[in-house]
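Read the structure below first, then the notes.
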Amino acid sequence: MGFIYHIDDLSRDEPFIIQANKKDFVVVPYTIRCNDIVLVEGKNFSTDQFFNQVKAEFDQLYAESEFKRRQMSISFHDRIGGTPQMVKTVSDLLDYMKKHNGVTFKRKDEIAKMTLQDKTSIRE
């Protein structure tokens, strides 16, 4: 159907390539660990708790990135992540992450294209 990727996979933390209809197809991981529905709606996290959860995930992945490519996925939904207090929290998170060398921000389609072009991408 012309799609090159999907995002509904929780099996690992980095994108990988599978075969679909005899063509390369990218699986771009999704997360429930840094997801506003799970944390804010489901667990009633405050914005401070959400910030600290995502920051802890980022800090660990950033430390691991010294030795291995790492990806972090944060899931936002308009009715939660788009609220004023969450917009402020997300802005603070992005400011924190931008202070770290080598960190980039990409949309899922950009990650999929990068994965297809990278000869070191995991293939199943």
message = Testing the 3.5 Å rule here: is there a donor-acceptor pair between the side chains of Gln60 and Glu64?
response = yes
Below 4.5 Å, heavy atoms only, C-beta onward: do [X] and [Y] meet side chain to side chain?
X	Y	result
Pro15	Pro29	yes
Phe45	Asp36	no
Ile4	Leu116	yes
Asp118	Arg69	yes
Gln71	Val28	yes

Test: [X] and [Y] ion pair at under 4.0 Å:
X	Y	answer
Lys99	Asp95	no
Arg79	Glu41	no
Lys113	Glu110	no

key: Glu66 CD: over 12 foreign heavy atoms closer than 6.0 Å   = no
query = Should the heavy atoms of other residues, nucleotides or ligands under 6.0 Å from CZ of Phe105 be counted, would the total exceed 12?
reply =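 Result for CZ/Phe105: enclosed.
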Looking at every non-hydrogen atom in both residues, tell me the closest pair between [X] and [Y] and how far apart they are.
X	Y	answer
Met114	Lys106	SD-CE, 3.8 Å
Lys22	Gln19	C-OE1, 3.3 Å
Ile7	Tyr30	O-CB, 2.8 Å
Cys34	Ser73	CB-O, 3.7 Å

request  = Take the angle between the ring planes of His6 and Phe25 and call it parallel below 30°, perpendicular above 60°, tilted in between.
outcome  = parallel
ask   = Of Asp24, Ile17, Asp109, which is the lone residue that meets side chain to side chain contact (heavy atoms under 4.5 Å, CB included) with Tyr5?
value = Asp109
inquiry  = Is there a path of hydrophobic side-chain contacts, each under 4.5 Å between heavy atoms, that joins Phe67 and Ile122?
reply    = no
